[in-house]
Novice: 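Once you've had a glance at the structure underneath, I'll fire off some questions.
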Amino acid sequence: MSRSRLGWSLTIAATLTMTVSYFDRQALAALGPKVRSALEISNTQYGWLVSAFSIAYLVGSPLAGAWIDRVGARRGLLLAVSMWTLVAGLHAAVPNFAALFALRIGLGLTESPSFPGAAQTVQRALPKDQRSRGFGVLFMGSSIGALLAPLAATALEKRFGFRVAFLVTAIAGLSWIP
């Protein structure tokens, strides 16, 4: 395989990582009305759930970037995807707001290596004159994940309930890992 072809293959893998990341984080947005009803979550509490993820991601990202620099993107992303898949899957078992709040913090922290690791992959895999296009492709991953999550999660929820929808959307993220 040529260096260019390998570089673009790695860029596509990094893009899929971002797709999975956004797919998992957006599942709650799609399933929100059913989850709120089932767990008797108020509007204010739902706002806290959204904020919990965002704050954890905000705090975790710089730390995750330093961690990715130490362990490398390949190992770091593999571990991060495994961990956030576990956390996302545990959303299926939540009994109440407090447990879901803790899981949203966990999801934000475990997903925080996704962008630093994916960005490092593109930066190292592609020659300088192809990196801007590579980052453009990488950023598509978040849009693809955000687009697919509501479609998949709501279809699964209608047929099997929100708990199965959380579980299947989490497990689906592992399907692309070699």
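Counting from 1, the numbers follow the sequence of the chain as shown.
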Novice: Going by the side-chain hydrogen bond (donor to acceptor under 3.5 Å, both in side chains) test, which pairs reach into residues 139-160, not counting sequence neighbours?
Specialist: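 Every pair satisfying side-chain hydrogen bond (donor to acceptor under 3.5 Å, both in side chains) with a residue in residues 139-160: there are none.
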Novice: For the aromatic rings, using the six-membered ring if either is Trp, is the centroid distance between Phe101 and Tyr46 under 6.0 Å?
Specialist: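 Judged by ring-centre distance (under 6.0 Å), Phe101 and Tyr46 do not meet the cut-off.
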Novice: Return the CH2 to CG distance between Trp84 and Leu107, rounded to the nearest 0.5 Å.
Specialist: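 Going from the CH2 atom of Trp84 to the CG atom of Leu107 covers 9.0 Å.
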Novice: Taking side chain to side chain contact (heavy atoms under 4.5 Å, CB included) as the test, write out the residues that go with Leu58, two or more places apart.
Specialist: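 Checked Leu58 against side chain to side chain contact (heavy atoms under 4.5 Å, CB included); zero matches.
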Novice: Please, which pairs that meet salt bridge (Lys or Arg N to Asp or Glu O under 4.0 Å) have at least one residue in residues 100-123, sequence neighbours excluded?
Specialist: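 For residues 100-123, and leaving out neighbouring residues, the salt bridge (Lys or Arg N to Asp or Glu O under 4.0 Å) pairs sorted by first residue read Arg25-Glu111.
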Novice: Can you list the steps and then say if Phe162 with Val35 is a side-chain contact (heavy atoms from CB on, under 4.5 Å)?
Specialist: CA-CA 7 Å; Phe162 80 86; Val35 172; 3.5 Å; yes
Novice: Looking only at the side chains, is there a donor atom on one of Asp69 and Gln120 sitting less than 3.5 Å from an acceptor on the other?
Specialist: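 Indeed, the side chains of Asp69 and Gln120 share at least one donor-acceptor pair under 3.5 Å.
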Novice: To the nearest 0.5 Å, how far apart are CZ in Phe166 and CG in Leu156?
Specialist: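 Interatomic distance, Phe166 CZ to Leu156 CG, rounded to 0.5 Å: 11.5 Å.
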Novice: Check Thr169 against Ala27 and note the closest heavy-atom contact, atom names and distance.
Specialist: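 Heavy atoms only, the tightest pair is OG1-CB, 4.0 Å.
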Novice: Among Asp24, Leu109, Leu103, find the one that has a side chain to side chain contact (heavy atoms under 4.5 Å, CB included) with Val87.
Specialist: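 Filter result, single survivor: Leu103.
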Novice: May I ask whether Tyr22 and Ile12 are part of the same hydrophobic cluster, defined by side-chain heavy atoms of I, L, V, M, F, W, Y residues being less than 4.5 angstrom apart, directly or through others?
Specialist: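 Shared cluster, yes.
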Novice: Say you draw a straight line from CG of Leu100 to CG of Leu49; how long is it, rounded to the nearest 0.5 Å?
Specialist: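 Between atom CG of Leu100 and atom CG of Leu49 there are 4.5 Å.
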Novice: List the atom of Gly117, the atom of Ala73, and the distance in Å for their closest heavy-atom pair.
Specialist: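 Looking at all heavy atoms of both residues, the shortest contact is O-CB, 3.4 Å.
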Novice: Any chance you could measure Arg75, atom CZ, to Arg70, atom CZ, to the nearest 0.5 Å?
Specialist: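 Between atom CZ of Arg75 and atom CZ of Arg70 there are 12.0 Å.
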Novice: Looking only at heavy atoms, what is the nearest atom pair of Gln26 and Ala149, with distance?
Specialist: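 Here Gln26 and Ala149 meet closest at CB-CB, 3.6 Å.
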Novice: Sub-3.5 Å donor-acceptor pair from the side chain of Ser61 to the main-chain atoms of Tyr57, do we have one?
Specialist: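 Yes, the answer is positive, given that a donor and an acceptor are paired below the 3.5 Å cut-off.
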Novice: Hey, does the side chain of Thr15 reach the backbone of Thr11 with a donor-acceptor pair shorter than 3.5 angstrom?
Specialist: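 Confirmed, Thr15 side chain pairs with Thr11 backbone.
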Novice: Out of Gln123, Gln130, Met140, which residue meets the side chain to side chain contact (heavy atoms under 4.5 Å, CB included) rule with Phe135?
Specialist: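 That would be Gln123.
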Novice: Mind checking whether Val94 and Leu86 sit in one hydrophobic cluster, side chains of I, L, V, M, F, W, Y counted as touching below 4.5 Å?
Specialist: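 Same cluster.
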Novice: To check you understand the geometry: which heavy-atom pair defines the closest contact between Thr121 and Leu10, and what is its length?
Specialist: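 Looking at all heavy atoms of both residues, the shortest contact is CG2-O, 3.7 Å.
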Novice: Provide the closest heavy-atom pair for Leu138 versus Ala118 in the form atom of the first, atom of the second, distance.
Specialist: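 That closest heavy-atom pairing would be CD1-CB, 3.5 Å.
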Novice: Is there a path of hydrophobic side-chain contacts, each under 4.5 Å between heavy atoms, that joins Met83 and Ile68?
Specialist: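 Met83 clusters together with Ile68.
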Novice: Side-chain heavy atoms nearer than 4.5 Å, only ILVMFWY residues, links allowed to pass through others: does that put Val81 and Trp67 together?
Specialist: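 Val81 and Trp67: separate clusters.
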Novice: Please report the closest heavy-atom contact between Ala30 and Pro150, naming both atoms and the distance.
Specialist: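 Minimum heavy-atom separation between Ala30 and Pro150: CB-CA, 3.5 Å.
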Novice: Taking a hydrophobic cluster as the set of Ile, Leu, Val, Met, Phe, Trp and Tyr residues connected by side-chain heavy atoms closer than 4.5 Å, whether directly or through intermediates, do Leu77 and Val122 fall within one such cluster?
Specialist: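 In one cluster: no.
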Novice: Checking Ile105 against Phe53 for the side-chain contact (heavy atoms from CB on, under 4.5 Å) test, could you report, in this order, the C-alpha distance in whole Å, the side-chain angles of both residues, the deciding distance, and whether it holds?
Specialist: CA-CA 5 Å; Ile105 292 170; Phe53 173 88; over 6 Å; no
Novice: Could you give the distance from CD1 (Ile144) to CG (Leu16), rounded to the nearest 0.5 Å?
Specialist: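 Here the rounded value is 8.0 Å.
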Novice: Can you tell me if CH2 on Trp48 sees more than 12 non-hydrogen neighbours from other groups inside 6.0 Å?
Specialist: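 Open.
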Novice: Could you measure the distance from the CG atom of Leu167 to the NE2 atom of His91? Nearest 0.5 Å is fine.
Specialist: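 Here the rounded value is 12.0 Å.
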